[in-house]
Asks: 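The structure follows.
Side-chain atoms are counted along with the backbone in the values below, which use heavy atoms only and exclude waters and symmetry mates.
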Amino acid sequence: MLIILVALGTLLPRPLNPRAEASLGGETAEILLLANPIHTDIALPVDDEVRAAFADLVPGGLPLDMPGVDYLIIGWGGRSFYIETPTWGDIRPLPVFRALTVDRSVLHASVAGPLDLQHPSVRRIAITEERRRRMITEIRGSFLREDGMPIAVPGAAYGLDDAFFEARGAFNALVGCNTWTAAMLRSAGIRTGWWTPMPQLLDLSLHLHHG
């Protein structure tokens with residue numbers, strides 16, 4: 001049964017009937033989809049618009065205004081596993097258990113310099129500037145806020161170039177990091193599979209439905 005659901009989730013496009021929009025003629029932008037065996041992130045090339053849109057992450061510890069920043073990388077995930085597992089060597093039973101059941105969610109934001117765009121874990125996606133703005137709005141809407149500001153998770157970071165923030169929604173094995181990534185892509189008019197809980201399924205669905 002699970003195999004059937006996974007197959008349908010990948011093969012069935014979402015949305016079924018995309019609305020007609022202008023082609024990619026004119027002003028275009030590029031976003032990146034970054035993947036490892038279990039998780040995906042969205043990387044936005046940093047320009048003045050991105051800096052302005054996410055300037056409210058800086059007080060929470062994200063050095064977005066630091067010289068040499070080329071990309072803002074954002075992903076969503078389960079609080080326990082995401083924060084407590086910076087490397088594969090840090091995997092422990094309790095965070096894994098919470099990731100397989102239900103956990104609070106967080107957003108992980110990091111900055112980076114140049115990325116290897118030819119690396120097999122990187123997928124380049126061209127979209128219009130307007131679609132990128134829609135995605136930025138949707139990503140910003142994923143942050144839990146207090147007095148209009150994103151809520152940073154105190155003391156939670158992998159290093160000096162990243163920060164964790166409280167997020168909207170609960171994390172579980174069915175609605176996880178890769179389904180969030182897919183939803184953000186769809187907000188930019190990019191068709192994905194209906195349910196893509198793993199990076200490999202999301203990537204396959206993009207091959208099938210987006211090209």
Asks: Does Val50 reach the side chain of Ile136, with side-chain heavy atoms less than 4.5 Å apart?
Replies: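 In short, these two side chains touch, coming nearer than 4.5 Å.
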Asks: Please tell me if the side chains of Ser142 and Arg168 come closer than 4.5 Å, counting only heavy atoms from C-beta onward.
Replies: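 Counting from C-beta outward, Ser142 and Arg168 never come under 4.5 Å.
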Asks: Check for a donor-acceptor pair, side chain of Asp103 on one end and backbone N or O of Ser80 on the other, with a separation under 3.5 Å.
Replies: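 The answer is yes, because a donor-acceptor pair under 3.5 Å joins these two groups.
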Asks: Where the side chain of Arg134 meets the backbone of Ser187, is there a donor-acceptor pair that is under 3.5 Å apart?
Replies: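 A pair under 3.5 Å: yes.
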Asks: Any heavy-atom pair between the side chains of Phe171 and Val106 that's under 4.5 Å?
Replies: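 No, side chains not in contact.
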Asks: On a heavy-atom basis, which atom in Gly60 and which in Ala163 lie closest, and how many Å separate them?
Replies: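 Reported closest heavy-atom pair: O-CB, 3.9 Å.
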Asks: Parallel, tilted or perpendicular: which fits the ring planes of Trp76 and Trp180, with parallel below 30° and perpendicular above 60°?
Replies: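 Parallel: the ring planes of Trp76 and Trp180 meet at under 30°.
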Asks: Between Arg132 and Glu49, does any NZ, NE, NH1 or NH2 come within less than 4.0 Å of an OD or OE carboxylate oxygen?
Replies: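 Salt bridge flag = yes for Arg132 with Glu49.
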Asks: Please check if atom CG in Asp47 has more than 12 non-hydrogen atoms from other residues, nucleotides or ligands closer than 6.0 Å.
Replies: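 Result for CG/Asp47: enclosed.
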Asks: In a table with atom names and distances, give each donor-acceptor pair under 3.5 Å that connects a side chain of residues 64-71 to protein atoms at least two apart or in another chain.
Replies:
none

Asks: Determine whether a donor-acceptor pair (N or O, by modelled atom type, separation under 3.5 Å) exists between the side chain of His39 and the backbone of Gly77.
Replies: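 A pair under 3.5 Å: no.
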Asks: Measure the shortest side-chain to side-chain distance between Leu202 and Leu33 over non-hydrogen atoms and say whether it is less than 4.5 angstrom.
Replies: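 Touching, per the 4.5 Å side-chain cut-off.
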Asks: Looking at every heavy atom in both Leu208 and Thr10, which two are closest together, and how far apart are they?
Replies: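 Shortest heavy-atom contact: CD1-O, 4.2 Å.
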Asks: For the pair Arg140 (side chain) and Ala53 (backbone), establish whether a donor and an acceptor sit closer than 3.5 Å, ignoring hydrogens and angles.
Replies: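 Side chain of Arg140 to backbone of Ala53: a pair is present.
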Asks: Are more than 12 heavy atoms from other residues, nucleotides or ligands located less than 6.0 Å from atom CG of Leu117?
Replies: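 Correct, the count exceeds 12.
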Asks: Return yes if some donor-acceptor pair links the side-chain N/O of Trp195 with the main-chain N/O of Leu174 below 3.5 Å, else return no.
Replies: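 Between the backbone of Leu174 and the side chain of Trp195 there is a qualifying donor-acceptor contact (under 3.5 Å).
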Asks: Between atom CD of Gln200 and atom CD1 of Ile38, what is the distance when rounded to the nearest 0.5 Å?
Replies: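 Result: 10.0 Å between the selected atoms.
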Asks: Sub-3.5 Å donor-acceptor pair from the side chain of Ser105 to the main-chain atoms of Gly169, do we have one?
Replies: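 Yes, the answer is positive, given that a donor and an acceptor are paired below the 3.5 Å cut-off.
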Asks: Are the side chains of Arg191 and Arg14 in touch, meaning some heavy atoms are under 4.5 Å apart?
Replies: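 The answer is no, as the side chains (C-beta and beyond) never meet within the 4.5 Å cut-off.
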Asks: Ala109 and Leu72: which non-hydrogen atoms are nearest, and at how many Å?
Replies: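 Taking every non-hydrogen atom into account, CB-CD1, 4.4 Å.
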Asks: Do the side chains of Ile125 and Leu32 get nearer than 4.5 Å, heavy atoms only?
Replies: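 No. Closest side-chain heavy atoms not under 4.5 Å.
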Asks: Would you say the side chain of Ile190 lies within less than 4.5 Å of the side chain of Ile127, judging by non-hydrogen atoms?
Replies: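 With C-beta onward as the side chain, the pair touches.
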Asks: When you group the ILVMFWY residues by side-chain heavy-atom contacts below 4.5 Å and let the links chain together, are Ile74 and Val58 in the same group?
Replies: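 Same hydrophobic cluster.
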Asks: Go through Thr181 and Met184 one step at a time and tell me if the side chain to side chain contact (heavy atoms under 4.5 Å, CB included) criterion holds.
Replies: CA-CA 5 Å; Thr181 301; Met184 297 304 106; 5.7 Å; no
Asks: Quick check: does any side chain N or O of Thr196 sit under 3.5 Å from a backbone N or O of Thr192, one acting as donor and the other as acceptor?
Replies: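 A pair under 3.5 Å: no.
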Asks: To check you understand the geometry: which heavy-atom pair defines the closest contact between Met198 and Pro37, and what is its length?
Replies: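 Of all heavy-atom pairs spanning Met198 and Pro37, the closest is CE-O, 3.5 Å.
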Asks: Once you round to the nearest 0.5 Å, how far does NE2 of His210 lie from CG of Asp203?
Replies: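 It is 11.5 Å, given to the nearest 0.5 Å.
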Asks: Look at the side chain of Thr179 and the backbone N and O of Gly176, then say whether any donor-acceptor pair between them is shorter than 3.5 Å.
Replies: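 Yes, the answer is positive, given that a donor and an acceptor are paired below the 3.5 Å cut-off.
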Asks: Are the side chains of Leu57 and Phe143 in touch, meaning some heavy atoms are under 4.5 Å apart?
Replies: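 The answer is yes, as the side chains (C-beta and beyond) meet within the 4.5 Å cut-off.
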Asks: Quick one about His108 and Tyr158 (side-chain donor to acceptor, distance below 3.5 Å, no hydrogens or angles considered), yes or no?
Replies: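 Not at all, the side chains of Tyr158 and His108 share no donor-acceptor pair under 3.5 Å.
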Asks: Quick check for you: to the nearest 0.5 Å, what is the distance between Ser205 atom OG and Leu12 atom CG?
Replies: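 These two atoms lie 11.0 Å from each other.
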Asks: For Arg79, check salt bridge (charged side-chain N to carboxylate O under 4.0 Å, His left out) against everything at least two apart and list the hits.
Replies: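 Partners of Arg79 under the salt bridge (charged side-chain N to carboxylate O under 4.0 Å, His left out) test: Glu166.
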Asks: Roughly how far, to the nearest 0.5 Å, is CG of Asn36 from SG of Cys177?
Replies: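 Cys177 atom SG to Asn36 atom CG measures 8.0 Å (nearest 0.5 Å).
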Asks: How long is the straight-line distance from CG of Leu206 back to CG of Leu185, given to the nearest 0.5 Å?
Replies: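 Leu185 atom CG to Leu206 atom CG measures 6.0 Å (nearest 0.5 Å).
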Asks: Is a donor on one side and an acceptor on the other found under 3.5 Å between the side chain of Asn178 and the backbone of Pro197?
Replies: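 The answer is yes, because a donor-acceptor pair under 3.5 Å joins these two groups.
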Asks: Going by the side chain to side chain contact (heavy atoms under 4.5 Å, CB included) test, name the single residue among Thr40, Ile42, Ile73 that passes it with Leu34.
Replies: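 Running side chain to side chain contact (heavy atoms under 4.5 Å, CB included) over Thr40, Ile42, Ile73 with Leu34 returns exactly one hit, Ile73.
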Asks: Taking all heavy atoms of Ser110 and all of Asp162, pick out the closest pair and write down the distance.
Replies: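 So the two residues come closest at CB-CB, 3.6 Å.
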Asks: Side-chain heavy atoms under 4.5 angstrom apart, residues restricted to Ile, Leu, Val, Met, Phe, Trp, Tyr: same cluster for Phe54 and Val46?
Replies: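 Per the 4.5 Å side-chain linkage, Phe54 and Val46 are co-clustered.
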Asks: Can you give me the closest heavy-atom contact between Ala188 and Met135, atom names plus distance?
Replies: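 Residues Ala188 and Met135, closest heavy atoms: CB-CE, 3.8 Å.
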